[in-house]
Participant: 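First the structure, which I've put down as structure tokens, then a few questions once you've had a look.
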Amino acid sequence: MGFVRGQEVKVILDAPLKDPIEYHIMGYDISLRRKEAEMIVVMTREEAEAITGAEETTLVDTHDIIEYAVGSKHKHITVGLVGNPNSGKTSLFNTLCGRSEHVGNYSGVTVDAKRGKLKYHDYTIEITDLPGTYALSAYSPEEVYVRRHIVENTPDVIVNTVVASNLERNLYLTTELIDMSPKMVIALNMYDELERGGAKFDHEALSEMIGVPMIPVVAPSGMGIEQLLDSVIAVHENSDSRVRHIHVGYGAVIEEHLEPLNSDMRLHRDELTAHFPPRYYALKLIEGDKEVSALLKSSPHYERWTKMAERARISIEEALDEDLEAALADRKYGFISGALKETFVAAEHRRDTWSDKLDAIVTHRIWGFPIFFALMWFMFYATFSLGAYPQEWIDMGVGWLYDTVRGMMAEGPLRDMITDGVISGVGSVLVFLPNIMILYLFISFLEDSGYLARAAFIMDKVMHRMGVHGKSFIPMVMGFGCNVPAVMACRTIECRTSRLITIMVVPFMSCSARLPIYMMIVGTFFAAHAGTVLFLLYLLGIAMAVISARLMRRFMFREQEAPFVMELSPYRMPTLMTTLRHMWSKCAQYLRKMGGLILIASIIVWLLSYYPRPKYDNNDTDAPTYELSYMGYLGQLCNPVFEPMDMEWQATVALISGIPAKEIVVSTMNVLYAQPGDDAPTTDDELSHDVSARIAGSMSTATAVAFLIFALLYLPCIATIMAIASELNWRWAVGSALYNTAIAWLMAWIAFHLTQWIV
Ligand code: GDP
Ligand code: MG
């Protein structure tokens, strides 16, 4: 009838049973049933005032206020980003919202919906970045998730990212979206690759054909973004002439059997809960889709519809002599290839050869592994050696601050707290920021370029021997950065038992928070072979993960494995910008942790080690006070556990303090070993040497090795334990903590004796 938004609606007549109601809209008197009226957005004066806010004092008339508010509400558009894994949704999201969410060149990076906002002209556009899916049947958790999002959050417009250089497969999802008929715009992403490849694609024509606007974009560089947004707005306001709802034709047989149910449902349109076309409901019901059935359960016709659907399904399968799902998929691909035949001309065989050549080397039967290990070794070597320079500068800065503050403040507990507690505690962790940045730089590059997916590919066989999936490899490498996202990344592993095992072994992957501990101890005891020792530690972590996985597979889950399906998307040179952004977002996280958790922990550790003080005596502070402190008491209480490895109570306390976050081990060591007193250091250099020397003096090499190994393997930080609990449940989380700690102790004990025996 041509109603538009922003019009006044008046209730004229209320039927006795409250249904239907007669309204006066735009000069018409019409009667609407509640169900239909629900689609009209109505606003009370109060709601309108809340939107217009205080600044619109010029509006006094209710009508004006509401008109203004409706106008601005209208300018709020919600957008859902839907597309295949690795099609650039997150890149697009980041460019649009100026965010730096994690992108990676393999599927399954985004496992959660991320929301962001942007202002464009007068519009506020709220964007949700969804997990990648190849289809919208309800098989995988991602598919269910995306579909629920569309049903429950009803985004105003869907932006479907389609990889321009891989149309055939990407458009499959598009056909499913067309069936659901939401308002949609296609972001034809990676248009640069299409152009470089030399193919000819008339996207305008295809756009006309399927009735969905297609906008070429290059997400990371921002090309085409404005046109995309213009299109989103136009589609939202129904002013884009290209928009047309088409049907994907499923061929005579299917259509014929679909029709009765379809027309029956059309008659009862008002009973269909979500706003999808009846045809979609009919189709899904015939497919036997559980999610859609659930949406229809409340309808009085539900029983009849399911019976009709069942009959239709049987007739179709008989007539076609083919499984219905396969038949539908076949028709969809038929539709796509028909559409592409008229609009797309492939390049004369010009594959992205450098990507292929690189793959031939990197995934080579013989060279693959050496290259992989060389890269990993280089990563740890660079982390240690390149990081050493900036590390020294930060160290000097911290030392200078320590001296300056000590010189400026009056003697007493406050001064000691600020210098020995805060500055040396936080400073000792801050020093390792450069190392962590380098490690993340490498991991980001490996991920973004696509190498990590290849690594998973060459490791597949090995991973299978471990009893997990090739896909498990990526979360495990990510674990070197931080265990928390690594645990979450396990969601992409379809097979439940593989997922579970991978989650349980991720904590053995030595995260960057443990790096400072190694740096401190390795720097003190094995300075000459630091890179190698570091590499060996990481290897030990991996070995423990492998052994644990095998044990779990052998004794707890004896199911068969799903075959390995993993896409190897072409290599993409990550832009410096994205890599740096990626690295920075991790480092910012690290810095925040330092400002919060580590700062507080440093103060607590200091307090516990400073009090209770026997009568304050300037000339005789030192060691005895510490031993009598609460911390000393705690250390002595727990020390028997570590006695077999000759560990002193300070080390024990440090390990305990690392439970919230492992970096705290280092700050605790620093607070406990950097005691001022009559031999208080006078220069910054002496300060750090002093701590190193004290540590070296307090433990043997064998104890140091045991300490390192225990720190590597014992229970992961609280955040990881919580992540495990939320991905699995509390029982597994607690089990993981106990198991890791037990293994840690055992391995440390063995290593202690081995080292003693060798040295
Ligand atoms: P998602 O899985 O859909 O969220 O995809 P991502 O945003 O994580 O991107 C996958 C990969 O494609 C990343 O390596 C991106 O840097 C890369 N990428 C994304 N958009 C483009 C583009 O328009 N052109 C090129 N060449 N690469 C892109
Ligand atoms: Mg993503």
Side-chain angles (χ1 to χ4, degrees), residues 79-116 127-135 140 142-143 145-146 149 158-167 169-170 173-174 186-197 199 201 203 214-225 227-228 352 354-355 358 443-454 456 471 474 478 485 488-489 491-492 566-583 585:
V79 169
L81 277 178
V82 180
N84 280 191
N86 218 27
S87 60
K89 294 176 296 303
T90 304
S91 305
L92 190 60
F93 177 81
N94 288 343
T95 306
L96 287 168
C97 303
R99 293 268 290 272
S100 51
E101 292 301 341
H102 188 171
V103 299
N105 195 7
Y106 54 89
S107 56
V109 180
T110 310
V111 288
D112 255 333
K114 293 261 162 40
R115 293 213 279 170
I127 301 179
T128 309
D129 181 21
L130 292 163
T133 56
Y134 294 108
S140 70
E142 287 88 10
E143 290 177 4
Y145 189 103
V146 172
H149 180 89
I158 289 200
V159 170
N160 174 209
T161 51
V162 165
V163 177
S165 48
N166 192 346
L167 290 164
R169 200 202 56 212
N170 275 255
L173 178 64
T174 311
I186 291 175
L188 198 56
N189 194 29
M190 310 199 188
Y191 201 70
D192 51 337
E193 287 188 354
L194 176 90
E195 285 183 324
R196 224 178 312 125
F201 177 43
H203 66 269
M214 288 184 118
I215 316 293
V217 296
V218 179
S221 78
M223 188 213 102
I225 295 296
Q227 289 88 322
L228 182 69
D352 207 353
W354 71 273
S355 190
L358 201 58
I443 294 181
S444 304
F445 183 82
L446 293 181
E447 276 186 52
D448 294 349
S449 63
Y451 179 75
L452 213 49
R454 269 71 184 183
K471 275 191 183 174
I474 288 178
M478 281 172 72
M488 286 176 33
R491 281 188 209 171
T492 58
M566 180 149 178
E567 227 186 294
L568 296 182
S569 43
Y571 286 101
R572 299 208 165 90
M573 195 44 150
T575 59
L576 186 64
M577 205 46 215
T578 47
T579 307
L580 288 181
R581 247 203 206 159
H582 191 158
M583 180 184 90
S585 72

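Being a predicted model, the structure only gives us computed values, none of them experimental. Order of listing sets the numbers, starting from 1, for every ligand and every atom in it.
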Participant: Evaluate side-chain contact (heavy atoms from CB on, under 4.5 Å) for Val162 paired with Thr174, printing each intermediate quantity in order.
Facilitator: CA-CA 8 Å; Val162 165; Thr174 311; 3.7 Å; yes
Participant: If you measure every N/O of Val217 against every N/O of ligand 1, is any gap under 3.5 Å?
Facilitator: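 No; the residue has no nitrogen or oxygen that sits under 3.5 Å from a nitrogen or oxygen of the ligand.
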Participant: How far does CG of Leu130 sit from NZ of Lys89, to the nearest 0.5 angstrom?
Facilitator: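 Going from CG on Leu130 over to NZ on Lys89, the span is 8.5 Å.
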Participant: Could you list the atoms of ligand 1 found under 4.0 angstrom from a heavy atom of Val218?
Facilitator: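 By the 4.0 Å cutoff, the relevant atoms are 22 (C), 23 (O), 24 (N).
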Participant: Can you check which of Ser449, Gly88, Ser165, Pro85 brings a heavy atom nearest to atom 5 (O) of ligand 1?
Facilitator: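 Nearest heavy atom to atom 5 (O) of ligand 1 lies in Gly88.
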Participant: At a 4.0 Å threshold, what atoms of ligand 1 neighbour a non-hydrogen atom of Ser87?
Facilitator: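 Once the distances to Ser87 are compared, the set is 1 (P), 3 (O), 5 (O).
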Participant: Taking only heavy atoms of Glu193, which atoms of ligand 1 are found under 4.0 Å from at least one of them?
Facilitator: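 Every atom of ligand 1 under 4.0 Å from some heavy atom of Glu193: 26 (N).
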Participant: Would you mind listing which atoms of ligand 1 come within a distance below 4.0 Å of any non-hydrogen atom of Asn189?
Facilitator: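 Numbered from 1, ligand 1 contributes 19 (C), 20 (N), 21 (C), 22 (C), 23 (O).
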Participant: With respect to Ile127, which candidate in Leu92, Val159, Leu96 satisfies the side chain to side chain contact (heavy atoms under 4.5 Å, CB included) definition?
Facilitator: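 So, applying the side chain to side chain contact (heavy atoms under 4.5 Å, CB included) to Ile127 and each of Leu92, Val159, Leu96, only Leu96 qualifies.
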Participant: Within less than 4.0 angstrom of ligand 1, does Pro220 place any heavy atom?
Facilitator: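 In this structure, Pro220 qualifies as a contact of ligand 1 - some heavy atom is under 4.0 Å.
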Participant: Tell me, with the steps shown, if His203 and Tyr191 meet side-chain contact (heavy atoms from CB on, under 4.5 Å).
Facilitator: CA-CA 11 Å; His203 66 269; Tyr191 201 70; 3.8 Å; yes
Participant: Would you mind reporting whether Ile215 and Leu188 have side-chain heavy atoms less than 4.5 Å apart?
Facilitator: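 Not touching, per the 4.5 Å side-chain cut-off.
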Participant: Asp192 heavy atoms, cut-off 4.0 Å: which ligand 1 atoms fall inside?
Facilitator: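 Atoms satisfying the 4.0 Å criterion: 22 (C), 23 (O), 24 (N), 25 (C), 26 (N).
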Participant: Please check: side-chain N/O of Asn170 versus main-chain N/O of Gly83, any donor-acceptor pairing under 3.5 Å?
Facilitator: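 Here the side-chain-to-backbone pair does not exist.
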Participant: Any idea which of Thr90, Leu81, Asn86, Leu194 brings a heavy atom closest to atom 11 (C) of ligand 1?
Facilitator: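 It is Asn86 whose heavy atom sits nearest to atom 11 (C) of ligand 1.
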Participant: Of the options Asp129, Thr90, Val146, which is the one that meets Leu81 in a side chain to side chain contact (heavy atoms under 4.5 Å, CB included)?
Facilitator: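 That would be Asp129.
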Participant: Check Asn94 against ligand 1 and report side chain, backbone, both or neither, counting heavy atoms closer than 4.0 Å.
Facilitator: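 Answer for Asn94: neither.
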Participant: Against heavy atoms of Ser91, which atoms of ligand 1 measure under 4.0 Å?
Facilitator: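 Listed by number with element, the hits are 6 (P), 7 (O), 9 (O), 15 (C), 19 (C).
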Participant: Look up atom CG in Leu228 and atom CE in Met223, then write down how far apart they are to the nearest 0.5 Å.
Facilitator: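 Here the rounded value is 10.5 Å.
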